[in-house]
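By convention in this document, chain letters (A, B, ...) are assigned in the order of the sequence lines, proteins followed by strands, and residues within each chain are numbered from 1.
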Amino acid sequence: MKKECVTMLLAGGVGKRLGLLTKNLAKPAVPFGGKYRIIDFTLSNCLNSRMFPVGVLTQYSPLKLHQHIGVGKPWDLDRMHDGLTILSPFTETHGGNWYEGTADAITKNINYIDNYDPEYVLVISGDHIYHMDYNQMLSHHKKSGADVTISVLEVPWKETSRFGILNTTDDLRIYEFEEKPIHAKSNLASMGVYIFNWKVLKEYLLEDASLENSDHDFGENILPAMLANNRRMYAYRFKGYWKDVGTIESYWEAHMDLFDQDLAQLLRNKEWPVYSHNSLLPPQLIEDGAIVRESLINNGCVIKGTVEQSVLFEGVTVGKGTRVSKSIIHPGAKIGENVELERVIVQENVTIPAGTTIVVGMDKEPVVLSNENINQFKQLFAGKKIKLA
Amino acid sequence: MKKECVTMLLAGGVGKRLGLLTKNLAKPAVPFGGKYRIIDFTLSNCLNSRMFPVGVLTQYSPLKLHQHIGVGKPWDLDRMHDGLTILSPFTETHGGNWYEGTADAITKNINYIDNYDPEYVLVISGDHIYHMDYNQMLSHHKKSGADVTISVLEVPWKETSRFGILNTTDDLRIYEFEEKPIHAKSNLASMGVYIFNWKVLKEYLLEDASLENSDHDFGENILPAMLANNRRMYAYRFKGYWKDVGTIESYWEAHMDLFDQDLAQLLRNKEWPVYSHNSLLPPQLIEDGAIVRESLINNGCVIKGTVEQSVLFEGVTVGKGTRVSKSIIHPGAKIGENVELERVIVQENVTIPAGTTIVVGMDKEPVVLSNENINQFKQLFAGKKIKLA
Amino acid sequence: MKTMMGLINLGQEHDYLNELTYFRTGASVPFAGRYRLIDFTLSNMTRSNIYEVAIFAGNKYRSLMDHLGTGADWDLDKRHGGLFILPPDWNDPTDISKGDLRYFHNNFDYFERGKSEYVLISGSQFITSTVYDDMFQFHLDRDADVTLLTTSYPDPLPEHRSCIKVKMDEKSWVTCLCNEQENQPVFSGVYLLSKQLLLELVKECIAHHKENLFKDGIMANLERLKIQAYQYDGYSSVVNSIESYYRHNMALLEASSYQELFFSGNNVLTKVNNQPPTNYHDTAKVSKSLIATGCEIDGEVTNSILFHNVKVAQGATVKNSIIMQHCQIEEGVHLENVILDKNVTVTKNQALKGTKEQPFVVAKRRTI
Amino acid sequence: MKTMMGLINLGQEHDYLNELTYFRTGASVPFAGRYRLIDFTLSNMTRSNIYEVAIFAGNKYRSLMDHLGTGADWDLDKRHGGLFILPPDWNDPTDISKGDLRYFHNNFDYFERGKSEYVLISGSQFITSTVYDDMFQFHLDRDADVTLLTTSYPDPLPEHRSCIKVKMDEKSWVTCLCNEQENQPVFSGVYLLSKQLLLELVKECIAHHKENLFKDGIMANLERLKIQAYQYDGYSSVVNSIESYYRHNMALLEASSYQELFFSGNNVLTKVNNQPPTNYHDTAKVSKSLIATGCEIDGEVTNSILFHNVKVAQGATVKNSIIMQHCQIEEGVHLENVILDKNVTVTKNQALKGTKEQPFVVAKRRTI
């Protein structure tokens, strides 16, 4: 079956800087926004842009991720011939075959792509929170006659040192990459969204695969090689919210962004819906005496206490006399009575015992609570309030 | 979600003795019977016995197999909470995690099984052609109070040396295993279908996992250890057709068995249907002058020549003046004009050039034809008839 | 293995919910913040090892078809078995059947094709969350012809008046089925019999120009058939009037009832609607309320039920009310003892007030 | 991105296939050994980047619902978009609409909900295998109000008599739509317009008490609307009578027609039926025939079409006939120029014979 463009979604990231959140979970599978997992934003972009087939490349701790994605039903990507396929590393006749880098992951699936005999390949990752119409970018790519188009975001000049920066001519042709430059010449940061002409990309992938000391990585190897060969590489300006939730702090921030009236549209934009598995729990019950303000709450929550500036995933209970503030509570967590939580992230199914107080100051990194460390906290600070300020 | 029994389907087999048929294909994915793949029989057994959830353990060359199985739709195993899950090896934080034996494959998925908190685990493999009601075997297992029940088949005494033989007391309690015994004491051969009490099995799996020089194999390690400990192990008699299509010869034989009126029921038993993906091709067209006898033909075939005692998968064309006899033709193969084929297996999408003759005698192993070797045959025997007799 | 198929017979249910059933059959009336009445029966069936369910669709079945879709949300989008919506589409000129028997007559082939030997029949007005496996085992163990699911209510309510009461002997064989006002166990409308017996009774009823399977086939044959009563003690309610509909919605605001109905067993399955979590804004004031996802709340909500995607503006108050999906409550509005059907907009500063016995019901798509 | 939704309008089609449409709508009549007539249109749509398809179901729609199931077999079992079967289920007492306009009136919300700006409308009698993407691009490029799919037949056949003929100028703007007997391009029943225009025309027609969207909304407005004709040259046929039905089935026994219809593009999608390969026994003698899977053949079959699961016993002969699924032809039977609807049994030594112009049609489930 011939398709104009095949999408390859890199979902193998380890997400080291997310600490406990990615202990047994691939980064794209980390819960987000009271209902979603991070990868839902990218998969919904694929559906809303009508960009399929989609090959999803997984590697690290993929169990939950595979369960979540399944055959792509929530995103209508369960299609007969051009839907979603999970591409994990697999055994061949002689031993294993792990992906050794982002480019290597594509190289090992050249057959999958060639099945569709495409003109273009869209490469994206499942790590970011944003809405984007890839189809528009593809139209732009076709018009410009580029070999590669890289989507870029204008970032504040003072933050350029945190990003991969693209230096371009006025017509957005790229002549230089700078990884986290101290003195940036441009504020156009790469979003990790690429469209390649497949013929060109394939050539570079095969070349790169034969190099022994290559990391087989797009940013490190493939794109620089193309630039060195003077390939036509263009930047494509993206406007809108885009966030790499790569650290605990940015993960927490992205949630607080959801209380901003404008950014609330990230979840409730009817023109660009974000899809996920639906909760099977009954509506939330707000009991007599509860106070709920500036918060996002999902099905099955039972609230007796106070919830402020917090995001509660499904099935969370909040006991009487308890205050949950500036926090993110993952599915099924049970917060006992007379608890005080501020700026914490409570993991799935964790029970916070009655009387616990954990208040984290704005200058400290939010604390991730698991069943293990909540016990340590309890032992360490038995009877005392924990303030990390 | 609690379930009484979890099914674990071992589908990682290499199938070495099937030669070309398993060059790039896991054995369970090898085409069978004009429409099916070998694993369809086991998966249909699971549906017809209402034995789910099913965890399918894959490892070697699983691409086609994964595509074929998907989420289990053809077998109605695409269920919300208790359907089919593909369990491939995956990476953990530190390196890879290949399955090292049949028992190891289960050990590495203890969490999957424990999710359902089952009393029993049914272990089967995706390599055999048979109809079996596993639910009946489970009832028997429960009644007998066994720790393990092993399904057995009475084989002709002269063939006992080809099987794993179980020696039992009169009430079918197992007291000894013999692998391919020269002088068998019993003709009860194991079919590789086991039901374990999960608590007992788990104990043995964990014990075995800690042994350095174990092969982590059910037949080699787990069952002998249980026997040594005097666990209650019983045989369960199965009656009916059962075939391990482990060699080219037995693969061919099993196809010829389909012309036996009784065994034809293997494919057309309405009480025990075998499900697979449906062909999307139009009905077969038998043209003027064609002769078709004692054959099974699928959709999309266009027959101008003669077909006898053969099985044609979908989309096969047979040219004018051609005779196909005692052969198995995989999907999409094109047999040119004036060809003569006897006792061959033509692989998917292979083109047999006009005028080719390949006749294999009954004393030789049937020949598997691929696009590569058909060219070699052509060069070697240009203009000559090939008779392997 | 003996198995049951499910049959939800809406062919004999009336449109008893006034404004709420102007455009839809009773079974598809929204309930408890995210469900439709039929979801309870349907979920009970699909959890009970029932893999094929037929629905006699009655009239006004379009919203029902829309709600049920492919059946995927109940795990019924299957190739073998699955969900069969059987609307009244009669084309047989020789057909003499009447009442709900017409559905059987015109769908005989469906029953013949099905593989299950037993049929579990239910309506949509008995609301509970359970599985029928124990009842099935009970039916087999007792070797009954028919088994009725009964339950008892310590304090009889008005809605139980029209229910059939069941008298039985000490071995739970049914001795009398009638509408007496005594406090007897109530028949839930759920019963179980073999397919063979069912089809015999249907044929007999049609041949004798009868109109109602249960009344004419089962009740009238009480002497001849061996009928068992299977007593069920879980949380349940009967919804057969606006008043009982309102009351049983409101009952779920009690944490104990909410827990009993929704958290004592499996989940009640319903149509997926992909709403984001509900957004409580700065000025929101919510208490004792059941709130679905996708709502945006700036106002005050007390003792009420909001379905998905309801907006309550700042300065609006909603009290003792049921507000269905996609309603908009604008600034300064006051609602009390009101039921708004879906897609209703109440414009600025309007006030609507009913009583608890007679809530004010607004039909769907109105702007007030 | 501009997108189309599909609408298969059976609301204005008649039951023109005698015995074959006694119990089913024309769209669900079996065709070409494994399909139903509607499969062709539906497959064309789902291949054309059309992700939502509505069907105005007409009468006798039960077999249609049964055939379409969840829509999975056409990749239409989706959460957003998908397949919507809209049967005649009218409950609006204020409804004054007539004819196929009633379907629009009673399903306005469906059209309003849909996301596509364009609607491709089709009946079920034009049989071809194609995609509509080029026609859509043509419509956009020409900036037309309406685009009609037309085709030409070098040798006009009886079935083309009742088709609408299209006259156009050199820029393919339509100048005349009429039923003249001249050999003009034939309108296929497939046309395309914006949803906005469609709904305007519908409202206008209803307000003026009209009865037929195409006749009263499009043909009558030929002056006012900019109508393009998009000429299509692929293999096609029009099936609107028993005679044309029989002839176009038989045409597919020619290898060239078979290849053109089935192998020139994508597959025609139909309901999955899980049949094993067809079994040709020792005494089978088959030539020039189209055979579906699941058949068991011991007898002689010439110039015929067998649907799935047909049994032809030893000594039976089937000639120039169409035998639908699950038929049993017993020993010694002779059939010639016959159409057997499904589930027909022809008992030993019976002979049935029709003519090519008037084949002998046997309604389903008969035993002869």
Given the options A/Gly300, A/Gly34, A/Ser295, which has more heavy-atom pairs under 4.5 Å with chain C than any of the others? A/Ser295
With C/Glu296 via salt bridge (charged side-chain N to carboxylate O under 4.0 Å, His left out) - residues at least two apart: A/Arg268
Side-chain contact, heavy-atom cut-off 4.5 Å: C/Leu68 with C/Leu42? yes
Would you please indicate if the ring centroids of C/Phe263 and C/Tyr258 are separated by under 6.0 Å? yes
Using non-hydrogen atoms and a 4.5 Å limit, figure out which bit of C/Leu269 sits close to chain A: side chain, backbone, both or neither. side chain
Can a donor-acceptor pair be found between the side chains of C/Tyr51 and C/Asp75 at a distance below 3.5 Å? no
Scored by heavy-atom pairs under 4.5 Å with chain C, the best of A/Leu281, A/Ile303, A/Leu312 is A/Leu281
Side chain, backbone, both or neither: which part of C/Asn309 has a heavy atom under 4.5 Å from chain A? side chain
Using the ring-ring contact (aromatic ring centres under 6.0 Å, His included) criterion, which residues pair with A/His128? Sequence neighbours excluded. A/Trp242
Centre-to-centre under 6.0 Å for A/Tyr130 and A/Phe41, is that the case here? no
Specify which of A/Val307, A/Val302, A/Leu296, A/Asp288 makes the most heavy-atom pairs with chain C at under 4.5 Å. A/Leu296
Bottom line for A/Ser276: the part with an atom under 4.5 Å from chain C's heavy atoms is backbone
Which atoms of C/Val272 approach chain A - backbone, side chain, both or neither, heavy atom under 4.5 Å: both
Picking from A/Leu285, A/Leu267, A/Asn298, which has the most non-hydrogen pairs under 4.5 angstrom with chain C? A/Leu285
C/Phe307, part contacting chain A, at a heavy-atom distance under 4.5 Å: neither
Segment of A/Tyr36 engaging chain C (4.5 angstrom heavy-atom cut-off): side chain
Residue set satisfying ring-ring contact (aromatic ring centres under 6.0 Å, His included) with C/His67, at least two apart, ordered chain then number -> C/Trp74
Give me the contact list for residues 274-289 of chain C versus chain A, heavy atoms only, anything under 4.5 Å, ordered by residue number. C/Asn274, C/Gln275, C/Pro276, C/Pro277, C/Thr278, C/Asn279, C/Tyr280, C/His281, C/Asp282, C/Ala284, C/Val286, C/Ser287, C/Lys288, C/Ser289
Check: C/Phe262 ring centroid to C/Tyr35 ring centroid under 6.0 Å: yes
For the side chain of A/Asn269 and the backbone of A/Glu271, is there at least one donor-acceptor N/O pair under 3.5 Å apart? yes
Could you tell me whether the side chains of A/Asp76 and A/Tyr275 share a donor-acceptor contact shorter than 3.5 Å? no
Given a strict heavy-atom distance threshold of 4.5 Å, which part of A/Leu280 is in contact with chain C: side chain, backbone, both, or neither? both
Proximal component of C/Leu252, with respect to chain A [non-hydrogen, under 4.5 Å]: backbone
Identify which one of C/Ser256, C/Ser257, C/Ser129 satisfies the side-chain contact (heavy atoms from CB on, under 4.5 Å) criterion when paired with C/Tyr235. C/Ser257
Given a strict heavy-atom distance threshold of 4.5 Å, which part of A/Val311 is in contact with chain C: side chain, backbone, both, or neither? neither
Hey, is NZ on A/Lys320 packed in by over 12 heavy atoms from elsewhere, all under 6.0 Å? no
Under 4.5 Å from a heavy atom of chain C, the part of A/Glu314 involved: neither
State which residue, out of C/Leu306, C/Val344, C/Ile323, C/Thr317, fulfils the side-chain contact (heavy atoms from CB on, under 4.5 Å) condition with C/Ile329. C/Ile323
